[in-house]
Amino acid sequence: MVRIEDYGDYGTAWCPGCGNFAILKAVKQALVAAGLEPHQVLFISGIGQAAKAPHYLNANLFNGLHGRSLPVATGAKLANPNLTVIVESGDGCNYGEGGNHFLAAIRRNIDVTLLVHNNQVYGLTKGQASPTSELGFVTKAQPQGVFAEPFNPVAVAVAMHAGFVSRCFAGMIEHMAEMIRKAIAHRGLSLVDILQPCPSFNKVNTWEWYSKRCYVIPDDHDASNWDAAMKLAYEWGDRIPIGVIYRNDRTAFGDKFAILKEGPLVGREVDRHALAAIMESFA
Amino acid sequence: MGEAYNILIGGEAGQGLVTVGYLLTKSLVGSGYRVVVTQDYQSRIRGGHNTFVIRVSTDEIAAPQEVVDLLVALNAETVDLHRVQLSSRGLVVADEAFGLADDACLKVPYKELSSRRGANIVALGVASSLLGLNEELVALTTETHFGKKDEKLAEENRRALRQAFEWCEGQPSRAEKLPSVENVPRRLMMNGNEAIVLGALSAGLRFYSFYPMTPSTSIGQGLAAVAEQMGLIVEQGEDEIAVINMALGASFAGAPSMVATSGGGFSLMVEGVSLAGMTETPVVIVVGQRPAPATGLPTRTEQGDLEFVLHAGHGEFPRAIFAPGTVEECFHLTRKALDLAQRYQGPMFLLTDQFLADSYRAIEPFDLDQFPPVTVAPEVGAVSEPYRRHALTDSGISPRLLPGMSKHLVATDSDEHTEDGHITEDHAVRNRMVQKRLKKLDGIRQEVIAPGWIGDENPELLLVTWGSSKGAVQEAAGVLRSEGHRVATLHFSQVWPLVAEQFLPALESAGEVVCVEGNASGQFARLIRRETGFVVKKKVLRYDGLPFTPEYILRELGRA
């Protein structure tokens, strides 16, 4: 039986007060609740403070390039569908640099859990705006305040009929752990947009700012109701709903490949008769 | 080399030109002839001017030629553009409706002999008849190609061929028939891209991702057609950045992976190349070159990306670059690249180009039993905890475990990392890791394929080349030798690493060394100088989008 100690306990590079500490805790809790052992899990992360999180627990890890986790996850999950694949990175990685891959992953509905540490700023590079920064957010890179409207990942995901769309807040560890556990269990692209403060570089969206606004979506919300989900997806500002917003039972990408029913791509033999027949077709 | 006969089929895109060309080539190969096909097409779907040139001989040939013996024109423009290439025995085959005034012109009544959609099959029939091919063989080849589904079409085609042959046989004899071949050997008709597909399949390729880009697209489509049969996955990525990263993800998890693109697409993959080098993830990247910069001539050929591929990817890490000169080499070198990628755990490259990618040849079938699949993550024996993916070793190669296939955890990082794959900024570790990665180049150097030498010792003239220019260079040298000159050729099918001991004495033994390559600045000549100090004083270059021919080389050498 897997225990939380199996996931280890490591020193981090994060600032005091960073939302990442709580998120890391929730992730470990979710993995244990899911009954997963470290070697069964493959984390794929990009670049940023959030992307360091998988270094701080025991699991398989491919820490790749900024914004490029989802394609790596796509390939890895196809090669070995037995792995539980989790992409964990920030809003810059997933919604900015990797925006096209975000859309493609949803279109494909890859069976991957996507944990986005959404702190509405670029922390590792010290404070530039991110795709989710509020309009008018002032930084050294945007001294006049951000001119562009923020990206709404939840709305885009629901609009595209993503497999599982949820949002949570780093200030509520148990709720976070539950969302992450549900996301892992869902077979398809499972987004968990995790709102967190960056005490060092985002003085607007603070612990207090989120705490005042986030409310847990009541049980009577039917997550399979797309219209209701779209309404919730556009709720932002004074009230920010957290919980499972939308859920869709579309077939996961990997399940569309007949050959994967036989098992992973890894370790297969070459069918010599089929190969010879293919060569024959050129004669 | 024996006699060669050159057939040029020309027309607008949309006229079924490629079908005629393909079926005629297939019929020729099926009749025992050797071929070199050059496909020249524009970047469009309708209109414009395209050609399908088939050089045919009873002997082995490996290069295109400029002079045309049979000009099959599906439109009048083709004649205007190419009559200047006609040999003294050259014959034009064109629609009588074009009203051409050329003497040596067979005016075919296409309107009478076929329906509008069958005109290209009539052209096929006329050309086949003129060449002396067997009608039944051509009919069978055509039927096999179109399949049995549309019976009406099959019947139309048969009738069109019959009428073409009958009409042609009724004309006074105008063209020489090809010498017939006894005991027709069974050969495969394949182009460079198809050979890459077969080589990759034999090596156990399991994952292929791609974004459509000429001239590499047919590799992906060829693999996609047989993916279910062979148990691999082919996926079109949303962009080339996704393509390379998907391949690395699949490879990290243990599936031999490959991607193919052209210069522009490769530009987007470059950060991924660096990632492969840093994470020591096996991957094969095929770059099918075409004229650049930027979009360039999308459907033509060049050898202009050598230095780009050599240096692509920020930072320092080992690689190998293969440059097949023939369709057979495409098969073998794809296998070699996939094998090297697994054993040295990094990115390996295949440099081809539009000419070779699309050039059909008649080749001997491969003895597939001699070509087993590559080994992924060979047995490593006992592993001490915690497993270190990037363990330091004498060779620089770390024993490799796959994630999820044992209790051991596999970690790697695009950041600099410690042996266990986790992020570090320690300067001493950094030094050790850089050295570890570069050490692998020593092993790669031990396995470099030496360049191939053909010709006289201590030659007056040595022609040096790489990749697909091989055939034209060797044939040009042959012509000069037949005129009494001492000439040799040196062909590189692996352009990186270069091992000076393998060829420097040869360069120094020649009176004059000329480097022949398809780019504007003599990139390979420059690489030779960089690696050996040897200065290649003369170059024969081509960058107009067309492949080398022996005639071009001889002209440029001033020896035509």
Side-chain angles (χ1 to χ4, degrees), chain A residues 13 37-44 46-47 52 54-55 58-80 82-85 100-101 103-104 107-108 257-260 262 264-272 274-280 282-283, chain B residues 186-190 194 198 201-204 206-207 209 226-233 235 237-239 241-255 257 271-272 275 279 365-366 368-369 372-373 376 402-415 421-423:
Chain A
E37 293 186 48
H39 71 276
Q40 296 175 305
V41 184
L42 170 60
F43 276 90
I44 298 168
I47 300 299
K52 291 183 183 172
H55 281 286
N58 293 325
N60 296 293
L61 170 62
F62 187 100
N63 183 177
L65 300 168
H66 183 55
R68 313 300 171 188
S69 304
L70 284 166
V72 173
T74 307
K77 183 71 182 180
L78 286 173
N80 189 353
N82 296 332
L83 286 165
T84 293
V85 177
N100 197 18
H101 311 312
L103 299 178
R107 284 183 57 217
R108 291 190 176 96
F257 290 92
I259 64 162
L260 289 180
E262 301 158 35
L265 295 179
V266 185
R268 291 192 184 205
E269 305 277 314
V270 172
D271 182 338
R272 315 223 50 93
L275 183 67
I278 289 165
M279 188 178 77
E280 268 314 298
F282 290 100
Chain B
R186 207 179 111 267
R187 293 203 181 101
L188 309 174
M189 177 178 137
M190 289 186 104
E194 289 166 334
L198 192 67
L201 291 172
S202 77
R206 288 290 158 211
F207 185 84
S209 41
V226 299
E228 253 191 58
Q229 212 181 331
M230 293 299 297
L232 69 149
I233 285 182
E235 176 64 10
E238 56 271 26
D239 55 42
I241 303 176
V243 166
I244 184 69
N245 280 282
M246 275 190 216
L248 291 177
S251 181
F252 176 70
S257 303
E271 196 190 17
L275 181 64
T279 58
F366 298 98
L368 293 172
D369 289 335
V376 178
L402 302 176
M405 302 297 278
S406 76
K407 293 261 170 175
H408 295 288
L409 302 178
V410 183
T412 188
D413 199 347
S414 61
D415 295 273
H422 287 286
I423 186 171

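Throughout, a chain's letter reflects where its sequence line sits, starting with A, and its residues are numbered from 1.
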**Request:** Name the option with the most non-hydrogen atom pairs under 4.5 Å to chain B; the candidates are A/Ile44, A/Val85, A/Asn63.
**Result:** A/Asn63

**Message:** Can you tell me which portion of B/Ala247 sits under 4.5 Å from chain A's heavy atoms? Options are side chain, backbone, both or neither.
**Reply:** neither

**Request:** Indicate yes or no for a side-chain donor-acceptor contact from A/Asn60 to the backbone of B/Val410 under 3.5 Å, with no hydrogens or angles considered.
**Result:** yes

**Prompt:** Which of the residues A/Asn58, A/Val266, A/Leu61, A/Leu103 is involved in the greatest number of heavy-atom pairs with chain B at under 4.5 angstrom?
**Reply:** A/Leu61

**Message:** Less than 4.5 Å apart, side chain to side chain, heavy atoms only: is that true for B/Leu201 and B/Leu232?
**Reply:** yes

**Message:** Taking every non-hydrogen pair under 4.5 Å, which of B/Val243, B/Leu248, B/Ile233 racks up the most with chain A?
**Reply:** B/Ile233

**Message:** B/His422: which residues meet the ring pair (Phe, Tyr, Trp, His ring centres under 6.0 Å) condition with it, sequence neighbours left out?
**Reply:** A/His55

**Asked** Highest number of heavy-atom pairs under 4.5 Å with chain B: which of A/Leu275, A/Val270, A/Asn82?
**Response** A/Leu275

**Prompt:** Closest heavy-atom contact between A/Arg108 and B/Gly237?
**Reply:** NH2-CA, 3.7 Å

**Asked** For B/Arg187, is it the side chain, the backbone, both or neither that has a heavy atom under 4.5 Å from a heavy atom of chain A?
**Response** backbone

**Engaged part of B/Leu402 at the chain A interface, taking heavy atoms whose separation is under 4.5 Å** = side chain

**Prompt:** Is any side-chain heavy atom of A/Phe257 closer than 4.5 Å to a side-chain heavy atom of A/Leu78?
**Reply:** yes

**Message:** Tell me whether B/Glu228 at atom CD has more than 12 heavy atoms from other residues, nucleotides or ligands lying less than 6.0 Å away.
**Reply:** no

**Asked** Side chain, backbone, both or neither: which part of A/Ala258 has a heavy atom under 4.5 Å from chain B?
**Response** side chain

**Prompt:** Who wins among A/Ser69, A/Gly75, A/Pro38 for the most heavy-atom pairs under 4.5 Å with chain B?
**Reply:** A/Gly75

**Prompt:** Side chain, backbone, both or neither: which part of A/Lys52 has a heavy atom under 4.5 Å from chain B?
**Reply:** side chain

**Item:** Residue B/Met189 versus chain A: region with a heavy atom under 4.5 Å
**Value:** both

**Request:** Run the salt-bridge test on B/Glu238 and A/Arg107 with the 4.0 Å N-O cut-off and return the result as yes or no.
**Result:** no

**Asked** Between B/Ser209, B/Gly404, B/Gly421, B/Ala255, which has the largest tally of heavy atom pairs under 4.5 Å with chain A?
**Response** B/Gly404

**Request:** Considering non-hydrogen atoms only, spot the tightest contact between B/Thr279 and B/Asp413 and give its length.
**Result:** CG2-O, 3.8 Å

**Fill in**
If you tally heavy-atom pairs under 4.5 Å between each of A/Val41, A/Asn100, A/Leu83, A/Leu260 and chain B, the highest tally belongs to A/Asn100

**Prompt:** Relative to chain B, which segment of A/Arg68 carries a heavy atom at a distance below 4.5 Å: side chain, backbone, both, or neither?
**Reply:** both

**Message:** Can you tell me if A/Glu262 has over 12 outside heavy atoms packed within less than 6.0 Å of its CD?
**Reply:** yes

**salt bridge (Lys or Arg N to Asp or Glu O under 4.0 Å) involving B/Glu194 - partner list, sequence neighbours excluded** = none

**Message:** Please identify, among A/Gln40, A/Met279, A/Arg268, the residue contributing the most non-hydrogen atom pairs under 4.5 Å to chain B.
**Reply:** A/Met279

**Complete:** Okay, A/Phe62 and chain B: the region with an atom under 4.5 Å from a heavy atom over there is both

